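A quick write-up on the structure given underneath.
Model, not experiment: these values are computed from the prediction. We name chains A, B, ... by the order of the sequence lines, and we start the count at 1 in each one.
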Protein chains: 2
Amino acid sequence: MNVSFNKRDPIYLQVMQYFKRLIVSGELNPGSEMPSRRQLANQLKINPNTVQRAYSEMEDQRLIYTETNRPSRVTEDPSVLNQLKKEWLHHAVSTFVAAIEPIDIPLNDVVHLIEEKMHTRKKDKQ
Amino acid sequence: MNVSFNKRDPIYLQVMQYFKRLIVSGELNPGSEMPSRRQLANQLKINPNTVQRAYSEMEDQRLIYTETNRPSRVTEDPSVLNQLKKEWLHHAVSTFVAAIEPIDIPLNDVVHLIEEKMHTRKKDKQ
DNA sequence: CAATGTGTATTAATTGGTTAATACACTAAG
DNA sequence: CTTAGTGTATTAACCAATTAATACACATTG
């Protein structure tokens, strides 16, 4: 569990983002158990209700589901998972294009910067 | 003046972002006058102190400067302008790479999505 | 059947951003 | 020289979103 919160965004959104990332990356498999609300709250030193808020919204979005008195689980519905990936990617692309639009730079140079950054991140991970 | 605020981020940050974009794009030239605090506040229907907060931070970052009892002006310092563009670009690239990293997709496909999005945005502008 | 661990619900408190009210110093214009 | 328009500074109040405190319902287990 490797989360660092920024102070700007609401914690419950950052928690959601954290799990969404694990799901789109496949690090968290469909059907696998989520940490219990209280357990996660303890680990992250945050309030259980904040976790509940995050989980509750993820449940609204069908990313997780809950059976009575059991820890929530990651959805096994392929359409939900595909939709998540699709939206994740589109959001990233839209944001990026909107950001570089005002800058006068050839696309090739941009691609080069992306490749560069990908490589340095790969290295940093090792 | 074409600003639409979201409710999530602080207004003063959105005002800063708005002007930064105008500066990196060259729509706002070095040395040109900024709207006066009170005038901008009136236009945007926000409090003059909120504008002051935005301007004050931009001044800290040397993006604008102010002479006594004159409206602030956009910096004419090339190093500040270059630095702004550089940081703007790097931030965009870093954010983007971090976002797509967890998704299993070839770089070529990503580039294609970017091109696509750029074209649709170009069309939408017309 | 008591204890513990789930999820859930309700209400209260906190907090940061924003707004607001004033005031001051200075300059240019009428 | 008065007026209006700059930027700047200080203090208090407001408000909505977020976080926190607490309690409830249920199920499993020893």
Side-chain angles (χ1 to χ4, degrees), chain A residues 1 3-20 23 28 30-77, chain B residues 1 3-20 22-23 28 30-77 80:
Chain A
M1 194 74 42
V3 204
S4 63
F5 294 126
N6 69 59
K7 270 178 56 177
R8 168 117 285 144
D9 301 313
I11 294 177
Y12 78 95
L13 285 180
Q14 297 183 61
V15 171
M16 291 176 68
Q17 194 70 0
Y18 172 75
F19 281 106
K20 282 187 178 185
I23 294 173
L28 203 52
S32 58
E33 270 193 4
M34 304 280 288
S36 93
R37 273 91 167 149
R38 289 174 177 82
Q39 179 189 338
L40 184 61
N42 264 320
Q43 273 190 34
L44 303 183
K45 310 294 181 198
I46 61 179
N47 193 281
N49 293 313
T50 306
V51 178
Q52 166 62 3
R53 172 104 187 247
Y55 278 26
S56 174
E57 298 220 3
M58 283 192 282
E59 187 148 22
D60 288 348
Q61 298 174 15
R62 315 279 168 188
L63 296 175
I64 63 177
Y65 65 93
T66 313
E67 290 160 337
T68 327
N69 298 319
R70 298 287 319 154
S72 304
R73 288 177 179 278
V74 176
T75 184
E76 290 150 24
D77 184 337
Chain B
M1 192 76 42
V3 204
S4 62
F5 294 126
N6 69 59
K7 271 177 54 177
R8 167 118 284 145
D9 301 314
I11 294 177
Y12 77 94
L13 285 181
Q14 296 183 61
V15 170
M16 290 175 70
Q17 194 69 1
Y18 172 75
F19 282 107
K20 281 187 178 186
L22 290 181
I23 294 172
L28 203 52
S32 58
E33 271 194 3
M34 304 281 289
S36 93
R37 273 88 166 154
R38 291 174 176 84
Q39 179 188 339
L40 184 62
N42 263 320
Q43 272 189 35
L44 303 183
K45 310 293 181 198
I46 61 179
N47 194 280
N49 293 314
T50 306
V51 178
Q52 166 62 4
R53 171 101 186 251
Y55 278 27
S56 172
E57 299 219 4
M58 284 192 283
E59 186 148 22
D60 289 347
Q61 298 174 17
R62 316 277 168 190
L63 296 174
I64 61 178
Y65 64 93
T66 313
E67 288 161 337
T68 327
N69 298 319
R70 299 288 320 155
S72 303
R73 291 177 177 277
V74 176
T75 184
E76 290 151 21
D77 184 335
V80 170

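- Residues B:L44 and B:F5 approach most closely at CD1-CZ, 3.9 Å, considering heavy atoms.
- Atom pair B:E33:CD and D:dT6:P shows a separation of 10 Å (rounding to whole Å applied).
- With sequence neighbours left out, B:R38 forms a salt bridge (Lys or Arg N to Asp or Glu O under 4.0 Å) with no residue at all.
- For A:R62, there are no salt bridge (Lys or Arg N to Asp or Glu O under 4.0 Å) partners at least two apart in sequence or on another chain.
- Shown are B:P35, B:P48, B:P71; of these, the side-chain contact (heavy atoms from CB on, under 4.5 Å) with B:L40 is made only by B:P35.
- Rounded to whole Å, atom P of C:dG17 lies 14 Å from atom CG of B:N6.
- The CG atom of B:N42 sits 15 Å away from the C1' atom of C:dA20 (whole-angstrom rounding).
- No side-chain donor-acceptor contact under 3.5 Å links A:S72 and A:E59.
- Evaluation of the salt bridge (Lys or Arg N to Asp or Glu O under 4.0 Å) rule for A:E76 yields no partner, not counting sequence neighbours.
- The two residues A:M34 and A:L28 make their nearest non-hydrogen contact at SD-CD2, 4.1 Å.
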remark   = Letter by letter from the 5' end, nucleotides 12-24 of chain D scores (B base, S sugar-phosphate only, - none; protein heavy atoms under 4.0 Å) -----SSBBBB--

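- Applying the side-chain contact (heavy atoms from CB on, under 4.5 Å) test to B:T50 and every residue at least two apart in sequence or in another chain returns B:I11, B:Y12, B:I46, B:N47.
- Using a 4.0 Å cut-off on heavy atoms, the residues of residues 54-74 of chain B that approach DNA chain C are B:N69, listed by number.
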